[in-house]
Number of protein chains: 2
Amino acid sequence: MPDLSVKRFRYVSASDAVNITLNSFDAPPRRIKIVSIDKAFNEILAENIVVKDDVPPHNVSHFDGYAVDFRDLRDASPSNPVHLRVIGSVFPGDDEVPEIGSGEACYVATGAFIPRNANTIVPVEAVNLIDENVIEVRFPPKIGDHIISRGSDLRGGEVVFKIGRVLRAFDVGLLAFLGFEAVRVFVKPKIGVLSSGDELVSSRFTSHSLMLSYLIRRFCGCPVDLGVVRDDRSEIVDVIRKGLKGTDCIMTIGGCSRGVKDLLPDAVLSLSDSNMVLRGLKRVPGRQTSFAVVGGKPVLMLPGLCQSMVVGFYTLGVPIIKKLGGITSQLLFKFKAKVVEDFNASFMPPFERVFFVKLLGFNDLPLVHLVTGPSMHRSVLIKSNGFTVIPPFKINIKRGEIIEVTLF
Amino acid sequence: MPDLSVKRFRYVSASDAVNITLNSFDAPPRRIKIVSIDKAFNEILAENIVVKDDVPPHNVSHFDGYAVDFRDLRDASPSNPVHLRVIGSVFPGDDEVPEIGSGEACYVATGAFIPRNANTIVPVEAVNLIDENVIEVRFPPKIGDHIISRGSDLRGGEVVFKIGRVLRAFDVGLLAFLGFEAVRVFVKPKIGVLSSGDELVSSRFTSHSLMLSYLIRRFCGCPVDLGVVRDDRSEIVDVIRKGLKGTDCIMTIGGCSRGVKDLLPDAVLSLSDSNMVLRGLKRVPGRQTSFAVVGGKPVLMLPGLCQSMVVGFYTLGVPIIKKLGGITSQLLFKFKAKVVEDFNASFMPPFERVFFVKLLGFNDLPLVHLVTGPSMHRSVLIKSNGFTVIPPFKINIKRGEIIEVTLF
């Protein structure tokens with residue numbers, strides 16, 4: 001007969017839990033590596049990026065067309081077409097620019113520097129070619145038309161990306177454009193993933209570990225598989241002690257409720273230099289989520305039911321990875337959406353309740369359907385695109401009500 | 001002096017362009033590969049996944065608690081606490097379940113099968129332990145409390161994922177749970193990325209190629225770097241002919257406007273078995289976007305200015321990859337947002353105009369700021385989270401107006 005004693009929860013609101021958790025550990029000194037720019041996507045920038053020179057470095061043309069002095073065309077009209085002599089051409093990359101005189105034009109390609117004495121671009125679509133060297137213009141342009149001025153995109157000296165930015169496709173493109181061939185990035189925090197439970201030991205792939213690993217990677221952590229540990233206190237102690245040596249943080253799955261085989265919190269507390277910071281969230285699913293600091297490193301204990309694990313991870317796991325990784329970019333997208341049906345949220349004060357939602361389509365606002373089912377139901381997750389948090393003491397959600405949705 | 005003749009555009013609305021483009025080529029016979037489940041994230045499923053047996057396979061407990069016959073507790077109250085004898089325990093993975101008799105309870109862990117004759121679960125939090133083998137209950141439960149019934153998550157025989165689904169973290173988790181160790185997926189379509197322009201030949205990394213490659217990967221294509229080709233018609237013909245041999249599609253960057261060095265459309269048309277399907281979009285930036293089918297394979301010609309390239313890619317590149325890859329999952333998220341400032345969209349009928357937007361925060365709806373600048377401005381892209389499309393003939397956007405935003 002197992003020992004039926006249980007450990008009490010001391011539930012804390014999600015927002016308090018985030019603060020308590022993040023204030024309970026220091027981010028480790030960050031290691032920096034240099035990556036080639038073609039490998040920099042989704043990496044965490046470890047330096048401020050300063051633009052050296054103005055972009056563009058000179059005034060350039062926004063169109064393929066003809067650089068002119070607008071004064072030559074002031075009186076152009078369909079009944080008074082003006083002819084200009086084309087004296088040459090400039091293309092992007094040409095450093096030497098010609099000079100135009102009165103009655104003259106110069107062909108300019110998009111992005112090319114503006115010829116001297118020119119102040120206006122007439123797009124190719126707006127001219128008639130009379131012969132190889134003469135264009136006809138039938139409408140007066142405005143001075144400055146289609147000229148992009150020096151430094152209007154980026155100013156020399158400007159800090160364009162700050163430390164901690166997770167580099168996106170466009171960012172990498174800009175870095176390449178600015179001449180960077182490599183960039184300094186933070187080594188991503190190593191997050192140990194440990195599943196617990198006698199029933200999991202025999203399976204080759206652990207469903208929850210896989211899910212959690214992918215989620216960790218999506219939020220710029222580097223998952224480290226610590227395997228499965230059976231429901232045995234000394235084995236748990238052992239694998240966590242060893243696991244912490246090679247990681248910056250461990251996230252465990254299961255074993256943190258109040259059942260007979262819920263040995264994680266006890267085991268973690270028995271490690272030397274261990275401090276239980278959080279024992280329970282005022283949020284369901286996920287209320288069993290607990291957090292300890294062991295030897296200065298965060299240990300997040302996530303519940304074993306899939307929805308509970310996911311809520312615990314989005315509530316505390318994401319902020320922990322952000323802190324460990326030095327990430328300043330916004331990692332979660334939130335938006336408002338309209339609920340398509342009446343819904344009765346079971347009354348469970350003083351807990352917030354999380355519901356998973358499926359985006360249905362558009363009307364005025366995005367429509368969502370609440371996908372509900374017990375916390376262990378996986379079908380709920382696979383049908384959903386995100387989740388919503390319902391405040392404590394709110395019971396009914398009415399059809400047409402506006403809720404805030406966080407995308408997965 | 002270069003030849004100044006230009007090819008005319010025949011602009012088509014974006015929605016028509018998508019239809020014309022997608023109807024102009026057949027998806028190639030799809031190759032299938034088998035991937036281990038721990039490598040299946042973001043892969044395109046090549047088989048329908050059928051659930052073999054009900055999930056859960058029997059009624060299971062939703063909580064750590066005690067399985068009871070609710071009739072034993074019908075009269076329980078604080079003044080009439082009922083004692084039950086605990087006759088054993090069941091845990092997840094235990095196939096054998098005990099049977100309870102009158103006045104008896106059995107400990108059940110979350111996810112464990114329900115003991116015979118039990119019909120209700122009393123959570124551990126709701127009992128007092130009198131001694132190791134006796135619990136006290138002070139409130140009557142409702143019949144069926146906390147029992148999750150067989151097949152309530154997934155039904156045996158149910159098709160849980162259909163061909164073409166891009167597998168997410170939760171999906172892979174479910175597949176592992178269902179016992180899959182490997183899964184059949186489509187080989188991702190190979191998309192050749194070719195930058196054109198004399199001015200790009202010397203750079204080690206091509207900014208636009210990098211951006212486009214990352215975007216292709218994000219939408220489940222496999223980018224193949226075809227390098228940079230100079231503005232030379234025979235070189236372009238050569239590199240596209242060779243490139244098409246090893247790819248399912250080519251996306252070119254630059255050289256498709258009407259300028260002197262815009263040789264892409266001409267070069268593509270000169271290939272044997274080539275058909276120009278689209279020459280221009282009624283959408284700016286990106287209006288130069290053009291599309292041909294060469295030897296049955298799609299060739300998307302994207303403009304060279306960064307914003308124009310991005311718009312052309314989201315408008316036509318994403319649907320092309322979806323068709324080539326056999327992808328049925330929704331790849332783009334759209335939502336409504338409120339604009340924070342008055343904005344004058346330059347009048348350019350009959351063109352739609354795309355504006356990039358930055359999410360600012362929340363009020364009632366998500367707030368967005370329109371990030372504007374010439375199509376070659378990279379700063380616009382790096383500050384934005386998505387874009388909005390403004391219909392033709394609409395000039396002014398008012399502060400507080402609701403627009404639809406597509407996330408990058």
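Proteins get letters first, then strands, A, B, ... in listed order; numbering begins at 1 in each. All of these numbers come straight from a predicted model, not from anything done at the bench.
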Inset, instruction - Heavy-atom distances under 4.5 Å only: say whether A:Arg217 touches chain B with side chain, backbone, both or neither. - result: neither

Inset, instruction - Give the member of B:Pro123, B:Ser379, B:Ser384 that has the highest number of heavy-atom pairs under 4.5 Å with chain A. - result: B:Ser379

Legend entry - Rounded distance [0.5 Å steps], CZ in B:Arg378 versus NE2 in B:His208: 5.0 Å

Inset, instruction - Tell me, out of B:Ile402, B:Leu381, B:Leu200, who's got the most heavy-atom pairs with chain A below 4.5 Å. - result: B:Leu381

Legend entry - Test item: A:Met211 and A:Phe313 side chains (from C-beta on) under 4.5 Å apart, heavy atoms: no

Legend entry - chain B contact via A:Ser308 - side chain, backbone, both or neither, heavy atoms under 4.5 Å: neither

Inset, instruction - Select one option (side chain, backbone, both, neither) describing which atoms of A:Asp198 are under 4.5 Å from chain B's heavy atoms. - result: neither

Legend entry - chain B contact via A:Asp153 - side chain, backbone, both or neither, heavy atoms under 4.5 Å: both

Legend entry - Closest-packed option against chain A by number of heavy-atom pairs under 4.5 Å, given B:Glu125, B:His146, B:Lys334: B:Glu125

Legend entry - Gap separating the CG atom of B:Asp171 from the OH atom of A:Tyr214, nearest 0.5 angstrom: 11.0 Å

Legend entry - Residue selection (most heavy-atom pairs with chain A, distance under 4.5 Å) from B:Leu407, B:Val405, B:Val380, B:Thr206: B:Leu407

Inset, instruction - Counting only heavy atoms closer than 4.5 Å, note whether A:Leu178 contacts chain B via side chain, backbone, both or neither. - result: neither

Legend entry - Side chain, backbone, both or neither of A:Val310 within contact of chain B (heavy atoms, under 4.5 Å): side chain

Legend entry - OG on B:Ser196 to CG on B:Leu263, rounded to 0.5 Å: 8.0 Å

Inset, instruction - Under 4.5 Å heavy-atom distance to chain B, tell me which part of A:Glu404 shows up: side chain, backbone, both or neither. - result: side chain

Legend entry - Which portion of A:Leu175 sits near chain B, non-hydrogen atoms under 4.5 angstrom: neither

Legend entry - chain A contact via B:Asn385 - side chain, backbone, both or neither, heavy atoms under 4.5 Å: both

Legend entry - Pair A:Phe333 + B:Phe335: ring centers closer than 6.0 Å: no

Inset, instruction - Please state whether the side chain, the backbone, both or neither of A:Asn42 comes within less than 4.5 Å of a heavy atom of chain B. - result: neither

Legend entry - Side-chain heavy-atom pair B:Glu199, A:Phe91 within 4.5 angstrom cut-off: no

Legend entry - Nearest non-hydrogen partners of B:Val172 and B:Ala40, listed with the distance: CG2-C, 4.1 Å

Legend entry - Top contributor to chain A contacts, counting heavy-atom pairs under 4.5 Å, from B:Ser203, B:Ala169, B:Ala176: B:Ala169

Inset, instruction - Could you tell me whether the side chain of A:His62 reaches within less than 4.5 Å of the side chain of B:Leu305, counting heavy atoms only? - result: yes

Legend entry - Gap separating the CG atom of A:Asp225 from the CZ atom of A:Phe205, nearest 0.5 angstrom: 10.0 Å

Inset, instruction - Measure from the ring center of B:Tyr314 to the ring center of B:Phe219 and say whether it is less than 6.0 Å. - result: yes

Inset, instruction - Select one option (side chain, backbone, both, neither) describing which atoms of A:Leu359 are under 4.5 Å from chain B's heavy atoms. - result: side chain

Inset, instruction - Pick one of side chain, backbone, both or neither for A:Leu174, based on which atoms fall under 4.5 Å of a heavy atom in chain B. - result: both

Legend entry - Side-chain heavy atoms of A:Ile37 within contact of A:Glu181, under 4.5 Å: no

Inset, instruction - Identify which of B:Gly254, B:Ala337, B:Ser152, B:Ser213 forms the greatest number of heavy-atom pairs closer than 4.5 Å to chain A. - result: B:Ser152

Inset, instruction - For each of A:Glu158, A:Arg218, A:Arg287, A:Gln330, tally heavy-atom pairs with chain B at distances under 4.5 Å, and name the one with the top tally. - result: A:Arg287

Inset, instruction - Under 4.5 Å heavy-atom distance to chain B, tell me which part of A:Val60 shows up: side chain, backbone, both or neither. - result: side chain

Inset, instruction - Answer whether the closest heavy-atom distance between the side chains of B:Asp262 and B:Cys256 falls below 4.5 Å. - result: no

